[in-house]
Chemist: 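One structure is given below, represented as C-alpha cells, and several questions about it will come after.
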Amino acid sequence: EERFNTAVSHSSQGLSGWAVQHSQSVRTGDLKNDPRYAETFPGLQSGLYMPIKIGERTLGVISIESDKENAFTESDERLTATLAAQAASALENARLFEESRLHTQELEQRVDERTRQVQQTYLILQETSTYNQKILDNSPIGIAAYHHAGECAFANIALEKMLNAPAGKLLEMNFRQNPIWQETGMLASAEAALQSGLQQQIEIHTLSSFGKEVWLDCAFVSFENNQETHLLLLVEDISERKRAEQRLMELSAEIEDLYN
C-alpha cells in the first residue's frame, strides 16, 4: 500500500487515472513503454482498465494487471466492460436507494410533526365550548369541520378571512358539491383521509368561491364524533410566501436578461 501511494499520489495519475479522466478503456500488453503508466508493482507487463460510467458520469475504474505480455484479449475487454456496466448499475441503484431512504425519512418526520400539530389541535377541540371558540376564533390557522356527507359543521374566523367569505357563509357550503374542491384535488384528499384514517396534505392555488386569489396549504384528518366520521380541515395561508417566490424568480430572470 505504501509503495502504491508513493507511485500514484493523485487519482488522475497512471492508466487508471487516464481511463477515468477520458472515460475510455485502455488495453495494453506493454505497460513499461506506455508513457501514461505509473508503476505500482515491479514486473507488470499488461493492463486492462475499464471506466465505470453512468451516462456521462464516470464513477470509477476497474483495473486488471498481469506480469505476462499481451495477457488480455478483446474478449477480456468485452467481459470487463460488462462487469463495469453491472458495477455502475449497482452503484447507481445504491445511490438512488439511499436518496429514497433519506427522502422517506424526511417525509415521515414531516408527517409525524404535522400529526402532532393535528393531535394538539384536536385536544384543544375537546375543551369547553366557550374556551374552544375563543381559541379557534383567534387562531392564525384556518380550521373547519365537516360531516361525512359534506355539510360544514364549523368554520373559524381565520378561514373566513383567508377566503374572503362573509360571516357564516362557509357553514352553508357542502365540500362534496364545491367545484373548487373538485378542481384543486381537495376533494380527492378529503376522501382519502376519510377512507384511510390517515392525514392527507395538499398545496393549492385557486380563486376562492368569494373571489380571492390564494395559495393554501391544506391538511385533512378524519375523526369520530357521535359514532360518525367527520373531516377536520386545517388551512395555512401561504400566499405571501408564494408571491415572494414568484417575485424572486422574476427578479432572477430580469438579472439574467441584463447579463445576456
Chemist: Is there a path from Leu234 to Leu187 through hydrophobic residues (I, L, V, M, F, W, Y) whose side chains come within less than 4.5 Å of each other?
Modeler: no
Chemist: Taking distance alone, no hydrogens or angles, what donor-acceptor pairs closer than 3.5 Å link side-chain atoms of residues 219-226 to residues at least two apart or in another chain?
Modeler:
from	atom 1	to	atom 2	distance (Å)
Ser222	OG	Ala193	O	3.4
Glu224	OE2	Thr229	OG1	2.6

Chemist: Can you name the residues that form a salt bridge (Lys or Arg N to Asp or Glu O under 4.0 Å) with Glu98, not counting sequence neighbours?
Modeler: Arg101
Chemist: Could you tabulate the donor-acceptor pairs under 3.5 Å formed by side-chain atoms of residues 80-90, not counting sequence neighbours?
Modeler:
from	atom 1	to	atom 2	distance (Å)
Thr80	OG1	Asp76	O	2.8
Thr82	OG1	Arg78	O	3.1

Chemist: Could you list all the salt bridge (charged side-chain N to carboxylate O under 4.0 Å, His left out) pairs where at least one residue sits in residues 61-71, not counting sequence neighbours?
Modeler: none
Chemist: Specify the closest pair of heavy atoms between Lys53 and Thr58, including all atoms of both residues, with the distance to one decimal.
Modeler: CG-OG1, 3.7 Å
Chemist: With rounding to the nearest 0.5 Å, note down the distance linking CG in Leu48 to OG1 in Thr28.
Modeler: 10.5 Å
Chemist: What's the separation between atom CE in Met162 and atom CD1 in Ile238, rounded to the nearest 0.5 Å?
Modeler: 10.5 Å
Chemist: For His22, check ring pair (Phe, Tyr, Trp, His ring centres under 6.0 Å) against everything at least two apart and list the hits.
Modeler: Trp18
Chemist: Please list all pairs meeting salt bridge (charged side-chain N to carboxylate O under 4.0 Å, His left out) that have one or both residues in residues 17-33, counting only residues at least two apart or in different chains.
Modeler: Arg27-Glu77
Chemist: I'd like to check Leu31 versus Gln45 (side-chain heavy atoms, cut-off strictly below 4.5 Å). Are they in contact?
Modeler: no
Chemist: Just wondering, more than 12 heavy atoms not from Glu240 lying within 6.0 Å of its CD?
Modeler: no
Chemist: Ser63 and Ser16: side-chain hydrogen bond (donor to acceptor under 3.5 Å, both in side chains), yes or no, with the steps?
Modeler: CA-CA 6 Å; Ser63 301; Ser16 294; 2.5 Å; yes
Chemist: Evaluate side chain to side chain contact (heavy atoms under 4.5 Å, CB included) for Leu91 paired with Ile54, printing each intermediate quantity in order.
Modeler: CA-CA 9 Å; Leu91 289 171; Ile54 287 289; over 6 Å; no
Chemist: Rounded to the nearest 0.5 Å, what's the gap from NZ on Lys242 to CG on Asp237? Could you check?
Modeler: 12.0 Å
Chemist: Apply side chain to side chain contact (heavy atoms under 4.5 Å, CB included) to residues Ile204 and Met186 and explain how you reach the verdict.
Modeler: CA-CA 8 Å; Ile204 67 166; Met186 291 179 65; 3.5 Å; yes
Chemist: Applying salt bridge (charged side-chain N to carboxylate O under 4.0 Å, His left out), which residue pairs with at least one partner in residues 159-182 are found, sequence neighbours left out?
Modeler: Lys169-Glu172, Arg176-Glu191
Chemist: Is there a path of hydrophobic side-chain contacts, each under 4.5 Å between heavy atoms of I, L, V, M, F, W or Y residues, that connects Tyr37 with Ile64?
Modeler: no
Chemist: For Glu250, I'd like to know if atom CD has over 12 heavy atoms of other residues, nucleotides or ligands within 6.0 Å.
Modeler: yes
Chemist: Compare every heavy atom of Leu233 with every heavy atom of Cys218, then report the nearest pair and how far apart it is.
Modeler: CB-CD1, 4.0 Å
Chemist: Scan for ring pair (Phe, Tyr, Trp, His ring centres under 6.0 Å) pairs involving residues 65-117, sequence neighbours excluded, and state none if there are none.
Modeler: none
Chemist: For Glu108, which residues count as a salt bridge (Lys or Arg N to Asp or Glu O under 4.0 Å) partner, sequence neighbours excluded?
Modeler: none
Chemist: For Arg241 and Trp215: C-alpha separation, side-chain torsions, deciding distance, then whether side chain to side chain contact (heavy atoms under 4.5 Å, CB included) applies.
Modeler: CA-CA 9 Å; Arg241 173 165 65 84; Trp215 282 262; over 6 Å; no
Chemist: Report yes if some heavy atom in the side chain of Phe175 is under 4.5 Å from a heavy atom in the side chain of Met173; otherwise report no.
Modeler: no
Chemist: Between Glu113 and Gln109, is there a side-chain heavy-atom distance shorter than 4.5 Å?
Modeler: no
Chemist: Is it true that Leu232 and Ile202 fall in one hydrophobic cluster, defined by side-chain heavy atoms closer than 4.5 Å?
Modeler: no
Chemist: Starting from Leu251 and following side-chain heavy-atom contacts under 4.5 Å between hydrophobic residues (I, L, V, M, F, W, Y), which residues can be reached?
Modeler: none
Chemist: Taking side chain as C-beta onward, heavy atoms only, is Glu39 less than 4.5 Å from Leu44?
Modeler: no
Chemist: To which residues is Leu96 joined in a hydrophobic cluster, defined by side-chain heavy-atom contacts under 4.5 Å among Ile, Leu, Val, Met, Phe, Trp and Tyr, whether direct or through other members?
Modeler: none
Chemist: Once rounded to the nearest 0.5 Å, what's the spacing between atom OG of Ser25 and atom CD1 of Ile62?
Modeler: 11.5 Å
Chemist: Between Leu171 and Cys152, is any pair of side-chain heavy atoms under 4.5 Å apart?
Modeler: yes
Chemist: Please evaluate residues His230 and His148 with respect to the criterion side-chain hydrogen bond (donor to acceptor under 3.5 Å, both in side chains), reporting the C-alpha separation (whole Å), side-chain torsions for both, the decisive distance (0.1 Å), and the verdict.
Modeler: CA-CA 5 Å; His230 290 68; His148 191 279; over 6 Å; no
Chemist: Take Ile143 and Leu159 through the test side chain to side chain contact (heavy atoms under 4.5 Å, CB included) and record every step on the way to the result.
Modeler: CA-CA 6 Å; Ile143 303 173; Leu159 186 58; over 6 Å; no
Chemist: For Ala19 and Pro51, work out which heavy atoms get closest and say how close.
Modeler: O-CB, 3.8 Å
Chemist: Within the structure provided, determine whether Val111 and Leu198 are in side-chain contact (heavy-atom separation under 4.5 Å).
Modeler: no
Chemist: Let me confirm one number: the OG-CD1 distance from Ser209 to Ile180, rounded to the nearest 0.5 Å.
Modeler: 3.5 Å
Chemist: Is the shortest side-chain heavy-atom distance between Leu163 and Leu170 below 4.5 Å?
Modeler: yes
Chemist: Is there any salt bridge (charged side-chain N to carboxylate O under 4.0 Å, His left out) pair reaching into residues 85-94, and which pairs are they, with sequence neighbours excluded?
Modeler: Arg57-Glu92, Glu92-Arg95
Chemist: With heavy-atom distances below 4.5 Å as the criterion, would you say the side chains of Gln199 and Val118 are in contact?
Modeler: yes
Chemist: Any chance you could measure Ser23, atom OG, to Leu59, atom CG, to the nearest 0.5 Å?
Modeler: 9.5 Å
Chemist: Tell me whether Ser46 contacts the main-chain N or O of Asn70 through its side chain, where contact means a donor paired with an acceptor under 3.5 Å.
Modeler: yes
Chemist: Please check if the side chain of Asn156 supplies one atom and the backbone of Ile141 the other of a donor-acceptor pair under 3.5 Å.
Modeler: yes
